[in-house]
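Every heavy atom of this structure was used, including side-chain atoms; hydrogens, water molecules and symmetry mates were not.
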Amino acid sequence: MMPISSVESGRAHQAASSIALETASPFAEQACLVAEELDAAVQRFSQFLQFRTVSSPLVPHHTVEPDEFRRLHEWMPTAFPEVWETLEVEEVGDGNLSYLLKWTGTAEVKQQRRQQHRQQQQQQQPVLTEEEEELDAAGQPLLPVLFLSHLDVVPVANETLANWTHPPFSGAVAGGYVWGRGALDDKVGVAGLLEAATLLIRTGWRPLRTLYFAFGQDEEVGGGMGAAQIAALLASRGVKVDMVFDEGGSIGADGYPPYSTRPVALVGLAEKGYATILVQVSAAGGHSSIPPLDGSSAAAVAARIVTAINRRPPPARLVAPVTQFLSAIAPSTPGLRGQLFSVAASPLAPDWLRDLVAGAFLGRDTPETAALIRDTAAVTGLTLGFADNVLPPSATVRVNFRLLPGSTVQDVIDYLTEVAGPDLPHVRFEMNGSQNGSQATPVTPASSPYFAQLKAAVQQVYLLKDGSGSVDVAPTLMAGGTDSKHYLRISAGGALRHVPVSLNKTAGDVRRVHGLNERVSVADFGRGVCVFQRLLQLVGGGGSRSA
Ligand SMILES: [Zn+2]
């Protein structure tokens with residue numbers, strides 16, 4: 001892959017001073033920001049991290065401190081004045097705490113003008129020539145594309161406060177990193193997009209295709225007050241988008257342990273489904289001084305069910321997009337695993353081989369790889385008993401499932417039925433509260449031109465320092481959920497989920513997400529901005545000409 005431009009790559013040297021302390025990174029420095037631009041962007045990011053935008057499902061607007069959000073909304077236009085002047089900015093969502101930004105494409109402006117012209121001319125001339133109409137490959141007018149991120153962050157556990165190297169809402173810039181809750185998840189997405197747009201506006205660039213940015217206020221608690229409302233607003237306006245880009249897979253600086261050591265960027269093509277089932281156990285109860293001899297107490301039944309779930313998790317299955325993940329990482333995975341991965345990923349692979357790779361390798365290697373090949377079952381609650389001397393008449397085991405593409409809630413009920421075995425007469429299964437469960441999202445095709453554009457943007461920026469080319473890019477399945485699910489009904493092409501910053505799994509970086517000492521390196525922040533800048537250019541088309 002070529003650098004963005006040979007002229008710009010010389011600027012990277014000027015930026016070197018501010019990143020000198022980053023721990024060994026395999027990546028070359030970014031080349032789209034000069035040192036002063038990177039410093040200014042880092043200062044803005046530091047300020048952004050200082051707003052305590054913690055979300056919670058239990059409070060109005062899903063916002064623990066609404067005043068912090070309001071202060072953030074006062075700060076935003078001052079931090080990104082070019083964006084606020086150039087794009088249409090709306091405060092949306094519950095309490096108007098989320099954002100919807102529209103960067104009208106030059107193609108849309110022309111279309112509107114043509115329509116006005118047609119209306120004026122209708123009486124005299126029946127048809128106008130369709131000169132210069134911007135169309136996509138299928139001959140349709142260009143649909144907008146939507147970029148998502150979120151303003152909210154998860155809380156910081158009080159008992160861990162003392163263990164943060166820098167306080168979680170300090171936005172400290174130290175040791176080559178920007179520290180704070182949201183540095184990775186996902187204020188880096190908001191800041192990255194706004195910095196990238198700012199850079200492009202300064203060069204006079206305008207998109208051909210209309211671009212939307214939507215930043216929700218409560219992604220971490222489901223997006224009901226932010227993303228869901230923004231999606232409904234866009235739908236009510238008849239907006240249909242061609243693709244949604246959202247947070248998701250990051251870049252493995254140390255590859256994909258324990259398989260590949262070659263740096264790889266993961267792009268989520270689908271999200272797993274979600275269902276929480278309560279296993280309600282009934283028992284005879286009675287006096288604790290005379291416990292039953294046959295293991296029929298509520299505690300014994302509940303314990304057997306928990307043990308069975310741990311011993312016999314739901315069956316392993318190899319399905320898309322995990323097959324695509326395997327075929328992407330197979331070439332850099334040494335030994336037998338690499339060979340088996342590449343054969344198992346082929347559509348012609350025999351079932352026994354797929355089952356072997358899923359069950360014997362992915363299913364056992366790490367919790368992350370195991371989550372790729374099965375409906376995961378996690379016991380997240382266990383309730384029984386109310387007094388020292390009473391045998392409980394009931395127990396509840398709460399089991400949270402994440403469903404593979406193709407799995408249904410009935411599949412997990414069938415699994416629990418088997419798990420209960422001889423205890424089945426004493427249990428019944430209930431969906432948790434008002435939740436109906438959700439199936440996995442459809443799988444966005446890796447053949448989408450937007451996947452190719454995202455891959456190109458990532459590979460043009462994340463060049464390997466050792467001269468061996470660029471980071472690999474691999475499709476994957478997201479184990480957790482993102483805001484993008486709310487927008488799928490208005491997206492013709494589905495969603496692609498990626499956050500262009502790197503994590504080093506071996507060094508324990510993954511635990512920083514939602515955990516202690518969340519931080520992003522200054523160098524990665526710069527690279528992230530450059531990936532977004534390149535992606536906006538590739539997706540938006542267009543150039544510096546005016547409409
Ligand atoms: Zn997030």
Trainee: Does any non-hydrogen side-chain atom of L454 lie less than 4.5 Å from one of F451?
Mentor: no

Trainee: Indicate whether the side chain of S407 and that of R317 have a donor and an acceptor atom separated by less than 3.5 Å.
Mentor: yes

Trainee: Just verifying a value: how many Å separate K485 NZ and S491 OG, rounded to the nearest 0.5 Å?
Mentor: 15.0 Å

Trainee: Dump the intermediate steps for side-chain contact (heavy atoms from CB on, under 4.5 Å) on F325 and L477, then the final yes or no.
Mentor: CA-CA 8 Å; F325 164 75; L477 172 66; over 6 Å; no

Trainee: Provide the closest heavy-atom pair for D483 versus G223 in the form atom of the first, atom of the second, distance.
Mentor: OD1-CA, 3.6 Å

Trainee: Considering all heavy atoms of both residues, which atom of S250 and which atom of V501 are nearest to each other, and what is their separation?
Mentor: CB-O, 3.4 Å

Trainee: How far apart are the C-alpha atoms of V499 and V188, what are their side-chain angles, what is the distance that settles it, and do they pass the side-chain contact (heavy atoms from CB on, under 4.5 Å) test?
Mentor: CA-CA 8 Å; V499 54; V188 71; 3.7 Å; yes

Trainee: Can you confirm whether the side chains of H486 and Q229 place a donor and an acceptor under 3.5 Å from each other?
Mentor: no

Trainee: Taking V471's backbone N and O only, do any of them form a donor-acceptor pair with Q459's side chain (distance below 3.5 Å, no angle check)?
Mentor: yes

Trainee: For the residue pair Y256 and L372, what are the closest heavy atoms and their distance?
Mentor: OH-CD1, 3.9 Å

Trainee: Taking the ring of Y274 and the ring of F401, is the distance between their centroids below 6.0 Å?
Mentor: no

Trainee: Locate the shortest heavy-atom distance separating P263 from L464; write the atom from each residue and the value.
Mentor: CG-CD2, 3.8 Å

Trainee: Enter the distance from F361:CZ to T366:OG1 here, rounded to the nearest 0.5 Å.
Mentor: 14.0 Å

Trainee: With a 4.5 Å heavy-atom cut-off, do V473 and H498 have their side chains touching?
Mentor: no

Trainee: Go through the side-chain N and O atoms of T276 and N400 and say whether any donor and acceptor fall under 3.5 Å apart.
Mentor: yes

Trainee: Whether D472 and R262 form a salt bridge (side-chain N of Lys/Arg under 4.0 Å from carboxylate O of Asp/Glu) is what I want to check.
Mentor: yes

Trainee: Write out all pairs satisfying ring pair (Phe, Tyr, Trp, His ring centres under 6.0 Å) with one or both partners inside residues 220-247, taking only residues at least two apart or from two chains.
Mentor: F147-F245

Trainee: Do we see a donor-acceptor contact under 3.5 Å between the side chains of R44 and Q47?
Mentor: no

Trainee: Is the backbone N or O of P314 less than 3.5 Å from a side-chain atom of R374, with the two atoms forming a donor-acceptor pair by type?
Mentor: yes

Trainee: Please determine if R512 and E518 form a salt bridge, counting it only when a charged side-chain N lies under 4.0 Å from a carboxylate O.
Mentor: no

Trainee: Would you please test R202 and E85 for salt bridge (Lys or Arg N to Asp or Glu O under 4.0 Å) and show each step?
Mentor: CA-CA 12 Å; R202 284 179 189 163; E85 280 156 24; over 6 Å; no

Trainee: Which value, rounded to the nearest 0.5 Å, describes the distance between E195 atom CD and E37 atom CD?
Mentor: 9.5 Å

Trainee: For a side-chain hydrogen bond (donor to acceptor under 3.5 Å, both in side chains) check, start with the C-alpha distance between H62 and D94, then their side-chain angles and the critical distance, and finish with the verdict.
Mentor: CA-CA 9 Å; H62 284 174; D94 198 69; over 6 Å; no

Trainee: Between the side chains of T53 and D152, does any donor sit under 3.5 Å from an acceptor?
Mentor: no

Trainee: Once you measure the plane-to-plane angle for H73 and Y99, does it fall in the parallel (<30°), tilted (30-60°) or perpendicular (>60°) bin?
Mentor: parallel

Trainee: Between E271 and T482, does a side-chain hydrogen bond (donor to acceptor under 3.5 Å, both in side chains) hold up when you go through it step by step?
Mentor: CA-CA 8 Å; E271 274 171 34; T482 68; 2.4 Å; yes

Trainee: With side-chain contact (heavy atoms from CB on, under 4.5 Å) as the test, would you mind laying out the steps for L362 and V357 before giving the verdict?
Mentor: CA-CA 7 Å; L362 293 154; V357 165; 4.1 Å; yes

Trainee: Within the distance-only criterion (no hydrogens, no angle test), does the side chain of N504 pair as donor or acceptor with the backbone N or O of D509 below 3.5 angstrom?
Mentor: no

Trainee: Is there a donor-acceptor contact under 3.5 Å linking the side chains of S98 and E91?
Mentor: no

Trainee: So F215 and L193, do their side chains get closer than 4.5 Å, heavy atoms only?
Mentor: yes

Trainee: List the steps and the verdict of side-chain contact (heavy atoms from CB on, under 4.5 Å) for V458 and V531.
Mentor: CA-CA 6 Å; V458 170; V531 170; 3.9 Å; yes

Trainee: If you take the centroid of each ring, where Trp contributes its six-membered ring, are F69 and F51 closer together than 6.0 Å?
Mentor: no

Trainee: Testing Q111, K102, E108 for side chain to side chain donor-acceptor pair (under 3.5 Å) with T210, which one passes?
Mentor: E108

Trainee: Taking side chain to side chain contact (heavy atoms under 4.5 Å, CB included) as the criterion, tell me which of T86, L211, L87, V109 meets it with T104.
Mentor: V109

Trainee: Ignoring hydrogens and geometry, is there a side-chain-to-backbone donor-acceptor pair from S149 to D186 under 3.5 Å?
Mentor: yes

Trainee: L269 versus Q324: any side-chain heavy-atom pair under 4.5 Å?
Mentor: yes

Trainee: Got Y450 and D242 here, is their nearest side-chain heavy-atom distance under 4.5 Å?
Mentor: yes

Trainee: Inspect the contact between R497 and E247 and indicate whether a charged nitrogen and a carboxylate oxygen are less than 4.0 angstrom apart.
Mentor: no

Trainee: Under a 3.5 Å distance rule, please check whether T444 uses its side chain to pair with a backbone N or O of A495 as donor and acceptor.
Mentor: yes

Trainee: So, applying side chain to side chain donor-acceptor pair (under 3.5 Å) with H150, which one of E219, K187, Q217 is it?
Mentor: E219

Trainee: Give the minimum heavy-atom separation between A275 and V409, together with the two atoms involved.
Mentor: CB-CG2, 4.2 Å

Trainee: When rounded to the nearest 0.5 angstrom, what distance separates CG in D375 from NZ in K272?
Mentor: 6.5 Å

Trainee: With a 3.5 Å cut-off and no angle check, do the side chains of Q30 and R527 form a donor-acceptor pair?
Mentor: no

Trainee: What I'd like to find out is whether the side chain of D524 reaches to under 4.5 Å of the side chain of Y462, using heavy atoms alone.
Mentor: yes

Trainee: First locate atom OH of Y487, then atom CG of L234, and finally report the distance between them rounded to the nearest 0.5 Å.
Mentor: 6.5 Å

Trainee: Give the ring-plane orientation class for F341 versus Y259, where under 30° counts as parallel, over 60° as perpendicular and anything between as tilted.
Mentor: perpendicular

Trainee: I'd like to know if E68 and R71 make a salt bridge, using a cut-off of under 4.0 Å between side-chain N and carboxylate O.
Mentor: yes

Trainee: Do I373 and T369 come close enough that some side-chain heavy atom pair is under 4.5 Å?
Mentor: no

Trainee: With distance as the sole test, does S447 use its side chain to make a donor-acceptor pair with the main-chain N or O of P445 at under 3.5 Å?
Mentor: no

Trainee: Tell me whether R181 contacts the main-chain N or O of V153 through its side chain, where contact means a donor paired with an acceptor under 3.5 Å.
Mentor: no

Trainee: Donor-acceptor pair, S46 side chain versus V42 backbone, under 3.5 Å?
Mentor: no

Trainee: Drop me the distance from I277's CD1 to N432's CG, to the nearest 0.5 angstrom.
Mentor: 9.0 Å

Trainee: Among side-chain atoms of R206 and T106, is any donor-acceptor pair under 3.5 angstrom?
Mentor: no

Trainee: Please name the pair of heavy atoms, one in S55 and one in E220, separated by the smallest distance, quoted to 0.1 Å.
Mentor: OG-CB, 3.6 Å

Trainee: Taking the side chain as every heavy atom from C-beta outward, state whether L184 and L503 have any atom pair closer than 4.5 Å.
Mentor: yes

Trainee: Is the backbone of T376 close enough, under 3.5 Å, to the side chain of R402 for a donor and an acceptor to pair up by distance?
Mentor: no

